[in-house]
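One structure is given below, encoded as C-alpha cells.
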Amino acid sequence: MDFQNRAGSKPGAGALMSHSESNVARRERLRKLALETIDIEKDPYFMRNHLGSYECKLCLTLHTNEGSYLAHTQGKKHQTNLARRAAREAKESEGSVSALKPAMPKVKKNIVKIGRPGYKVVKMRDPQSKQFGLLFEITYPEVTMDTKPRHRFMSAYEQHVEPPNSQYQYLLFAAEPYETIAFKIQSREVDMRPGKFWTHWDQDMRKFTLQLFFRNPTRSYAETTTSSTTQINPLNPYIVT
C-alpha cells in the first residue's frame, strides 16, 4: 500500500501516525525533556521499593524505570493530584495561621506535696433499684480558689503498685498540692445515668463529693430459678453465699 500519497503526508515520511502512536511519541518526548531538566532525587514523591521498581507516593502508581516515572510526572493525573495537594495545603495553612499564637515556654511547676487529703466513704443502696453505691467525700482545705479536684477510673492493669486483678478497678482523686489518692473498688459497670453518678465541688467547704452506683448484674434463667435457695451478703451484694 502506498502511504506516501495520503492526505497530510510528506514525501518520504510514510503514513500518518495513529492516535496511540502519537501518544507514545509524545510521552517519549516528555520523558526525554524531564530527564534533562528534572532532578529525580529531589522529587518528594519518588520512591524506590524493595523490588527494584519505582513508585509515585502521590498517585500510588508503580513504574519499571525512571523514564516511566518522569513521563508520569508530566501527565494529567500527576499534575491534577499536585494541584489538589497544593490547594489543600493552602487551605490548611490559612486555618492554622489564624489559630496560631506565640508559643509560650512551658514552665515546670515544682509543687511540694503536703500529704494526703481527708476522706470519707459511705456505702449506700438504692431502695427502689436495689443498686449498690458508694459516696466519696474528699476534703482539700489548702487548695487555692482556682483549683478544682479531678477524678478518673483506672484499670487494674494500669497501676504498678500491686499485682493486677481483673476483679477490681481504682478510682483516683487529685488536687494540688495534695498527693493523689486511689480507692480500690469492684470492677463492675458504673451506672452513669443522671442522678446515679454525679460530682460536686464545694469551694467554701473545700470538699469534693462523688456518688456512684453499680449496675445490677444480669442473671441467667438458671440462676433465677435457684435464687430462692441462695443468700445475698448484705455487705457485698455481688458475693452470693
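Every heavy atom of this structure was used, including side-chain atoms; hydrogens, water molecules and symmetry mates were not.
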Quick one: pull up CE in M47 and CG in L62 and give me the separation to the nearest 0.5 Å.
9.0 Å
Donor-acceptor contact present, side-chain Y178 to main-chain E142, <3.5 Å:
yes
Mind checking the CG-CZ spacing from N216 to F132? Nearest 0.5 Å is all I need.
11.5 Å
To the nearest 0.5 Å, what is the distance between CD (Q128) and CZ (R125)?
14.0 Å
Parallel, tilted or perpendicular for F136 and F183, by the 30°/60° rule?
tilted
Which heavy atom in L58 sits nearest to a heavy atom in H78, and how many Å separate them?
CD2-CE1, 4.0 Å
Which heavy atom of Q211 sits nearest a heavy atom of L135, and at what distance?
CB-CD1, 3.8 Å
Determine whether W198 and L172 fall in the same hydrophobic cluster, where Ile, Leu, Val, Met, Phe, Trp and Tyr are linked whenever their side-chain heavy atoms lie under 4.5 Å apart.
no
Non-hydrogen side-chain atoms of Y69 and T61 separated by less than 4.5 Å:
no
Could you tell me the separation between the CZ atom of F173 and the CD atom of E137, rounded to the nearest 0.5 Å?
10.5 Å
Smallest separation among heavy atoms of S155 and Y170, with atom names:
O-CD1, 4.2 Å
Shortest non-hydrogen contact between Q186 and F214, atoms and distance:
O-CE2, 3.7 Å
Separation between NZ of K148 and CZ of F208, rounded to the nearest 0.5 Å
7.0 Å
Between S68 (side chain only) and N65 (backbone N and O only), is there a donor and an acceptor less than 3.5 Å apart?
no
Can you see whether Y45 engages N81 through a side-chain donor-acceptor pair at a distance of less than 3.5 angstrom?
no
With rounding to the nearest 0.5 Å, note down the distance linking CG in L82 to CZ in R84.
11.0 Å
Under the side chain to side chain donor-acceptor pair (under 3.5 Å) test against K184, which residue among Q169, Q159, E162 passes?
E162
Looking at every heavy atom in both K57 and F46, which two are closest together, and how far apart are they?
CE-O, 4.4 Å
Looking at every heavy atom in both N165 and A156, which two are closest together, and how far apart are they?
O-CB, 3.2 Å
